[in-house]
Amino acid sequence: MALRFEVLGRFNRARAARLTLPHFVCQTPLFMPVGTQGTIKGLTTNQLEEIGCQIILGNTYHLALRPTSELIDELGGLHKFMNWPRAMLTDSGGFQMVSLLHLADITEKGVTFQSPVDGKPMLLTPEESIQIQNRIGADIIMALDDVVKTTITGPRIEEAMYRTLRWIDRCIAAHKKPNEQNLFGIVQGGLDPVLRDICVRGLVERNLPGYAIGGLAGGEDKDSFWRVVAQCTALLPEDKPRYVMGVGYPLDIVVCSALGADLYDCVYPTRTARFGTALIPEGVLKLKHKAMAEDTRPIDPTCSCMVCKNYTRAYIHCLVTKDAMGSQLLSYHNLHYMLQLSRDLHSSIIEERFPEYVCPVPTECFKNYNFII
């Protein structure tokens with residue numbers, strides 16, 4: 001095991017912790033920007049350090065296709081390749097079973113993808129996924145799981161959950177760097193509480209360094225989503241990090257943190273920036289709207305980021321309709337917003353003012369979770 005997880009403060013199920021990884025000491029709750037191919041679009045690694053990014057997520061499937069894990073390994077690993085001194089997490093490639101399903105064929109052996117680069121078939125087995133991630137060199141690596149949309153019902157959900165448990169043993173056996181990289185298992189089971197329970201207990205028996213809650217944020221209603229998170233965090237070990245995959249809406253991060261989760265990732269902050277939308281405490285601000293054309297205020301007067309200190313809404317409005325610089329500035333702001341949210345959650349738990357901090361969250365979000373606050 002190549003991590004140390006220390007809970008520093010609690011409020012009911014919410015917790016603030018120190019997560020020590022080979023490349024960085026992190027504070028949780030923690031949001032991780034997604035750098036699919038070794039880059040956060042439009043931002044340099046220096047800018048990411050500047051806004052307090054602690055962990056970047058990379059995509060095993062895409063990195064294996066281009067530039068290839070062999071080349072990354074030859075050049076000293078992904079940290080050196082992209083000049084990132086802090087922590088990294090790579091996913092397993094399993095999510096592409098959902099996002100590229102028209103290109104994938106799933107069997108017990110693994111997943112056969114049709115490469116979007118050259119059209120050739122590519123077999124990703126649990127062993128190959130781990131070998132690729134060992135070469136890439138991230139601090140946290142994810143087990144290959146069988147991912148199914150939560151909106152699907154029937155026997156496919158059960159099949160995927162049991163296959164995920166069988167595959168975790170193959171991933172553990174294939175992992176050659178347990179003293180340098182931390183292998184996390186992924187809880188599957190759709191919206192079925194019985195299947196989720198079986199999967200959690202099966203993974204906990206393997207005594208992994210950390211655990212992820214997967215297969216969510218795929219179209220299910222919020223109440224079902226939060227109930228699965230509440231169930232899984234209640235069953236997962238207290239002394240291990242808990243990662244809710246694919247979660248990037250600020251409200252979801254607040255609620256999941258209240259339920260005892262620690263880590264999150266999503267493309268949402270940067271993707272929505274490329275469409276001209278900024279994240280602000282009140283919700284979102286659409287900079288493409290004509291009302292922004294003469295607005296001399298910053299995006300968020302309460303924000304301390306470089307963008308809000310130096311540029312007006314009117315200026316960014318002009319850019320987002322014509323120039324890539326607009327999406328770059330909005331990506332910088334949106335990631336700063338998410339990372340500041342993480343820091344604020346951490347400090348509010350440590351300072352025992354978590355209920356006051358989450359008070360602006362609509363009370364209906366917590367109507368079925370009276371134990372949270």
Side-chain angles (χ1 to χ4, degrees), residues 1-21 26-32 55 89 91-92 94 139-147 150 157 160-162 164-169 171-172 175 178 182-217 220 224-247 252-265 342 345-346 349 354 369 371-372:
M1 192 177 299
L3 67 72
R4 186 166 70 254
F5 186 74
E6 307 161 84
V7 176
L8 305 176
R10 297 179 185 275
F11 188 87
N12 290 345
R13 292 178 63 170
R15 65 219 199 135
R18 180 188 297 118
L19 173 61
T20 303
L21 295 168
C26 309
Q27 292 183 337
T28 71
L30 184 160
F31 176 78
M32 301 177 287
I55 304 177
L89 179 151
D91 69 4
S92 64
D139 301 69
I140 297 172
I141 65 176
M142 304 304 300
L144 185 65
D145 55 337
D146 189 348
V147 185
T150 48
I157 297 290
M161 186 278 293
Y162 280 111
T164 294
L165 285 178
R166 291 191 297 273
W167 281 2
I168 187 63
D169 292 323
C171 290
I172 293 169
H175 186 24
N182 300 282
L183 174 62
F184 281 27
I186 304 173
V187 180
Q188 291 293 345
L191 302 180
D192 188 320
V194 174
L195 296 180
R196 287 280 177 176
D197 183 81
I198 293 169
C199 198
V200 169
R201 295 181 189 282
L203 291 174
V204 171
E205 286 177 4
R206 273 76 173 181
N207 190 30
L208 298 162
Y211 302 89
I213 301 168
L216 294 173
E220 72 280 355
S224 297
F225 163 45
W226 292 331
R227 284 187 181 280
V228 170
V229 174
Q231 176 191 358
C232 294
T233 53
L235 294 170
L236 288 168
E238 282 289 322
D239 60 345
K240 302 286 181 70
R242 305 162 182 162
Y243 164 29
V244 185
M245 306 180 77
V247 171
D252 289 340
I253 288 176
V254 172
V255 175
C256 290
S257 295
L259 292 169
D262 308 298
L263 308 174
Y264 313 95
D265 81 279
S342 300
L345 286 167
H346 179 90
I349 297 167
F354 183 68
Y369 305 99
F371 56 86
I372 299 175

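Residue indices begin at 1 and follow the sequence shown.
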Next on the checklist: Under the criterion side chain to side chain contact (heavy atoms under 4.5 Å, CB included), I'd like the reasoning laid out for Arg10 against Val7: C-alpha separation, chi angles, the key distance, then a yes or no.
Outcome noted: CA-CA 8 Å; Arg10 297 179 185 275; Val7 176; 3.9 Å; yes
Item to check | Flag, side chain of Thr233 to backbone of Leu259, donor-acceptor distance under 3.5 Å | outcome: yes
Item to check | Ile55 and Leu30: CA distance, side-chain angles, deciding distance, side chain to side chain contact (heavy atoms under 4.5 Å, CB included) verdict | outcome: CA-CA 8 Å; Ile55 304 177; Leu30 184 160; 4.0 Å; yes
Checklist entry - Can you list every side-chain hydrogen bond (donor to acceptor under 3.5 Å, both in side chains) pair that touches residues 184-196, not counting sequence neighbours? => result Asp145-Gln188
Checklist outcome for this item: Minimal heavy-atom distance between Met142 and Ala212, with the atoms involved, is CE-CB, 3.6 Å
Item to check | Which atom of Leu89 lies closest to which atom of Tyr243, heavy atoms considered | outcome: CD1-CE2, 3.7 Å
Item to check | Under the side-chain hydrogen bond (donor to acceptor under 3.5 Å, both in side chains) test, residues paired with Tyr264 that sit two or more places apart | outcome: Ser257
Next on the checklist: Using 0.5 Å steps for rounding, measure from the CH2 atom of Trp226 to the CG atom of Asp252.
Outcome noted: 6.0 Å
Item to check | Candidate pair Leu216 and Val228, rule side chain to side chain contact (heavy atoms under 4.5 Å, CB included), full reasoning | outcome: CA-CA 9 Å; Leu216 294 173; Val228 170; 3.9 Å; yes
Checklist entry - Mind checking what makes side-chain contact (heavy atoms from CB on, under 4.5 Å) contact with Ala234, not counting sequence neighbours? => result Arg13
Checklist outcome for this item: Residues at least two apart in sequence or cross-chain that pass side-chain contact (heavy atoms from CB on, under 4.5 Å) with Ala143, listed by chain then number, are Ile168, Cys171, Leu183
Item to check | Considering all heavy atoms, the nearest Phe31-Ile253 contact | outcome: CD1-CD1, 3.7 Å
Item to check | Closest approach of Pro241 to Leu19 (non-hydrogen atoms, all atoms of both residues) | outcome: CG-CD1, 4.2 Å
Item to check | Set of residues satisfying side-chain contact (heavy atoms from CB on, under 4.5 Å) with respect to Ala160, sequence neighbours excluded | outcome: Asp146, Val148, Arg156
Checklist entry - Closest heavy-atom contact between Ala16 and Ile349? => result N-CG2, 3.7 Å
Item to check | side-chain hydrogen bond (donor to acceptor under 3.5 Å, both in side chains) against Gln231, all qualifying residues, sequence neighbours excluded | outcome: none
Next on the checklist: Test of understanding: with side-chain hydrogen bond (donor to acceptor under 3.5 Å, both in side chains), list the residues that count as partners of His346, not counting sequence neighbours.
Outcome noted: none
Checklist entry - For residues Lys240 and Asn182, is any side-chain donor paired with an opposing acceptor at under 3.5 Å? => result no
Checklist entry - Do the side chain of Asp265 and the main chain of Gly246 share a donor and acceptor less than 3.5 angstrom apart? => result yes
Checklist entry - With sequence neighbours excluded, what pairs up with Asp169 under the salt bridge (charged side-chain N to carboxylate O under 4.0 Å, His left out) test? => result Arg206
Next on the checklist: The criterion is salt bridge (charged side-chain N to carboxylate O under 4.0 Å, His left out); which residues satisfy it with Asp139, sequence neighbours excluded?
Outcome noted: none
Item to check | Counterpart residues, salt bridge (charged side-chain N to carboxylate O under 4.0 Å, His left out), relative to Glu6 (two or more places apart) | outcome: Arg4, Arg18
Item to check | By salt bridge (charged side-chain N to carboxylate O under 4.0 Å, His left out) - contacts of Arg15 (at least two apart) | outcome: Glu238, Asp262
Next on the checklist: My understanding is that only residues two or more places apart in sequence, or in another chain, count here; which of them pass side-chain hydrogen bond (donor to acceptor under 3.5 Å, both in side chains) with Thr28?
Outcome noted: none
Next on the checklist: Testing the basics here: between Ile213 and Cys232, what is the closest heavy-atom pair and its distance to 0.1 Å?
Outcome noted: CD1-CB, 3.5 Å
